[in-house]
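Encoded as structure tokens, the structure appears first; notes follow it.
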Amino acid sequence: MLAYLDALIDALSLRDRAEVTRLLAHPLSRILPAPVREEANTLAEGRCDALAAPMRLMQLRHQTAELLRESPPVAELADVATDARSEVADAPRIRRAPAPARAHRPARLVQMELPLSA
């Protein structure tokens, strides 16, 4: 999937209308969200700014890469769960006092001040 998205980004960056049409006819294009497909058609047909970038497609590519990077194979998950259970069973039982209740305050945002040049 990432290779397909990379090829589509490259074709849109080069404004290669024939390649974009070919890639949008590919079976993987059915997975693309409607805004991404619309953006690809708009860029390929030249109905936008000449310097426009396929931002929605790039966001989709980034999200897909993050999802693929974070999900380990199922076999690894089972091994991690077994290891965690054995560590908990072997650990000595320690009784801890409950943590004091604190008022939840949101973090204070600080505005950065930049000097103005005259």
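Computed from a predicted structure; not experimentally measured. Residue numbers run from 1 in the order of the sequence given.
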Between Ile31 and Met1, the two heavy atoms sitting closest are CG2-CE, 4.0 Å

Starting at CG of Leu24, measure out to CG of Asn41 and round the result to the nearest 0.5 Å.
5.5 Å

So ring pair (Phe, Tyr, Trp, His ring centres under 6.0 Å) across residues 32-63, not counting sequence neighbours, yields none

Mind checking what makes side chain to side chain donor-acceptor pair (under 3.5 Å) contact with Gln59, not counting sequence neighbours?
none

Could you pull out the closest heavy-atom pair between Ala53 and Met58, with the gap in Å?
CB-CE, 4.5 Å

With sequence neighbours left out, the residues meeting side-chain contact (heavy atoms from CB on, under 4.5 Å) with Leu51 are Asp49

Taking Val20 as the fixed residue, which of Leu14, Leu43, Leu12 is the one that meets the side-chain contact (heavy atoms from CB on, under 4.5 Å) rule?
Leu12

Sequence neighbours left out, what pairs pass salt bridge (charged side-chain N to carboxylate O under 4.0 Å, His left out) with at least one residue falling in residues 21-42?
Glu19-Arg22

Taking the side chain as every heavy atom from C-beta outward, state whether Leu32 and Leu5 have any atom pair closer than 4.5 Å.
yes

Check whether any side-chain heavy atom of Leu23 sits under 4.5 Å from a side-chain heavy atom of Ser29, and report yes or no.
no

Does Ile9 belong to the same Ile/Leu/Val/Met/Phe/Trp/Tyr cluster as Leu2, with side-chain heavy atoms less than 4.5 Å apart forming each link?
no

Partners of His26 by ring-ring contact (aromatic ring centres under 6.0 Å, His included), sequence neighbours excluded?
Tyr4

Pairs involving residues 50-62, ordered by first then second residue, that meet salt bridge (charged side-chain N to carboxylate O under 4.0 Å, His left out) (sequence neighbours left out)
Asp6-Arg61

